[in-house]
Number of protein chains: 2
Amino acid sequence: MVTSPPTNVDRTLAALADPTRRGVVDLLRKQPHRAGELAAAFDMSPPAMSRHLRVLRKSGLVEEDGLEEDARVRVYRLRPEPFAALREWLDEVEAYWEDQLGAFKAHAEKTRKGKRP
Amino acid sequence: MVTSPPTNVDRTLAALADPTRRGVVDLLRKQPHRAGELAAAFDMSPPAMSRHLRVLRKSGLVEEDGLEEDARVRVYRLRPEPFAALREWLDEVEAYWEDQLGAFKAHAEKTRKGKRP
DNA sequence: ACAGTGGTTAACATAGTCGTTAACTATTTC
DNA sequence: GAAATAGTTAACGACTATGTTAACCACTGT
């Protein structure tokens, strides 16, 4: 059995699964944005965006940067760590790619039955 | 406004968001597996796993490889394309990283108010 | 033929996700 | 201090996702 608990990468992927949140990341990668700007950008009510931002915050993908002139506004920007972790996972998957192909060939060889016309 | 339709990467991320499916990928990256093996590996009923596999199939992350000796069994293996696409997206995000840091600095510079004690 | 096996589809229950509006907090501005 | 502004939390409804069991299809083996 496998039954592993959800990992950090799992949380990252879950956070990125929603198209709105994916879009938010795509906006934030260009520059930090205010919460209100993000809500407007996706034609969405502020509360809805606020909850998306909470998900992104909890997954570590974004953070508020303080130091705002107006203490009411919250500016969000990306954090690099989760992306790096995701990339590492991707690397692991692709690392086995060669083996995977080899295994496939071996498997095909072993179980072939001559079904081709 | 942004309002983009769900892209391929969106579908890939949605498929990978579920921990079970993430686990399936982690198993399949080592070697192809039969549907039943996967169900057993996650202590899950065959129908449940079957639907996860359908999601993974539709997103292009896995495929059945034919050529089975016993035509009842379905062996699943990974497909590389979606992973490559996901990596490309990651590259894009991280490509802006430098600019992002620069923009942050500029932003902080511009809006600083001397709030520090 | 017929019983058994591998897997998927169908029908259903439950739980989570995502949106809205209303109410609230904190800050700025007049 | 009162009104306006930025954002979040609360309460709710609609929809989707994920698991289960039962029924089904396709193939294998005697």
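Here is the naming used below: chain letters follow the sequence lines, and residue numbers restart at 1 for every chain. All values derive from a computational prediction rather than experimental measurement.
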Undergrad: Any side-chain N or O of Arg54(A) under 4.0 Å from OP1/OP2 of dT9(D)?
TA: yes

Undergrad: Among the nucleotides dC27(D), dT28(C), dT8(D), which one has an atom lying closest to any side-chain atom of Pro46(A)?
TA: dT8(D)

Undergrad: Whole angstroms only, please: what is the NZ-C1' distance between Lys58(B) and dT8(C)?
TA: 13 Å

Undergrad: Can you measure Glu64(B) atom CD to dG7(C) atom C1' for me and round it to whole angstrom units?
TA: 10 Å

Undergrad: Compare side-chain N and O positions of Tyr76(A) against OP1 and OP2 of dA6(D) and report whether any pair is under 4.0 Å apart.
TA: no

Undergrad: Would you indicate which nucleotide in dG7(C), dT8(D), dT18(D) comes nearest to any side-chain atom of Asp18(B)?
TA: dT18(D)

Undergrad: Is the shortest side-chain N to carboxylate O distance from Glu63(A) to Arg57(A) below 4.0 Å?
TA: no

Undergrad: Tell me which nucleotide among dT8(C), dC18(C), dG19(D) gets nearest to the side chain of Arg57(B).
TA: dT8(C)

Undergrad: So, does His52(B) get its side chain near the phosphate of dA17(D), meaning an N or O under 4.0 Å from OP1 or OP2?
TA: no

Undergrad: Compare the minimum distances between each of dA6(D), dT28(D), dT21(C) and the side chain of Pro47(A), then state the nucleotide with the smallest one.
TA: dT21(C)

Undergrad: Salt bridge or not for Glu94(A) and Arg87(B), using N-O below 4.0 Å?
TA: yes

Undergrad: Between Met49(A) and Val73(B), which has a closest nucleotide on DNA chain C that is more 5'?
TA: Val73(B)

Undergrad: Whole angstroms only, please: what is the CG-C1' distance between Leu38(A) and dT8(D)?
TA: 15 Å

Undergrad: Calculate the interatomic distance between Arg11(B) atom CZ and dT16(D) atom C1'; express it in whole Å.
TA: 17 Å

Undergrad: Below the 4.0 Å mark, does dG7(C) have OP1 or OP2 next to a side-chain nitrogen or oxygen of Arg51(B)?
TA: no

Undergrad: At their closest point, which heavy atom of Trp89(B) faces which heavy atom of Arg22(A), and how far apart are they?
TA: CZ2-CD, 3.2 Å

Undergrad: Could you check which of dG7(D), dG6(C), dT28(D) has an atom nearest any side-chain atom of Ala71(B)?
TA: dT28(D)

Undergrad: Between Leu78(B) and Val25(B), what is the shortest heavy-atom contact and its length?
TA: CD1-O, 4.0 Å

Undergrad: Measure the distance from CD on Glu68(B) to C1' on dA26(D) and round it to the nearest whole Å.
TA: 15 Å

Undergrad: What's Ala35(B) touching, base or sugar-phosphate or nothing? Going by heavy atoms closer than 4.0 Å.
TA: sugar-phosphate

Undergrad: Please tell me if the side chains of Thr20(B) and Met49(B) come closer than 4.5 Å, counting only heavy atoms from C-beta onward.
TA: yes

Undergrad: For a 4.5 angstrom cut-off between non-hydrogen side-chain atoms, does Leu61(A) reach Arg79(A)?
TA: no

Undergrad: To the nearest angstrom, how far is Met44(B) atom CE from dT20(D) atom P?
TA: 6 Å

Undergrad: Which of these nucleotides, dG19(D), dT9(C), dT28(D), is closest to any side-chain atom of Ser50(B)?
TA: dT9(C)

Undergrad: What is the distance from CG of Leu53(B) to C1' of dT18(D), rounded to the nearest Å?
TA: 14 Å

Undergrad: Whole angstroms only, please: what is the CG-P distance between Leu56(B) and dT8(C)?
TA: 12 Å

Undergrad: So, is Ser45(A) near the phosphate of dT20(C), with a side-chain N or O under 4.0 Å from OP1 or OP2?
TA: yes

Undergrad: Ignoring backbone atoms, establish whether Arg72(A) has a side-chain N or O less than 4.0 Å from OP1 or OP2 of dT25(C).
TA: no

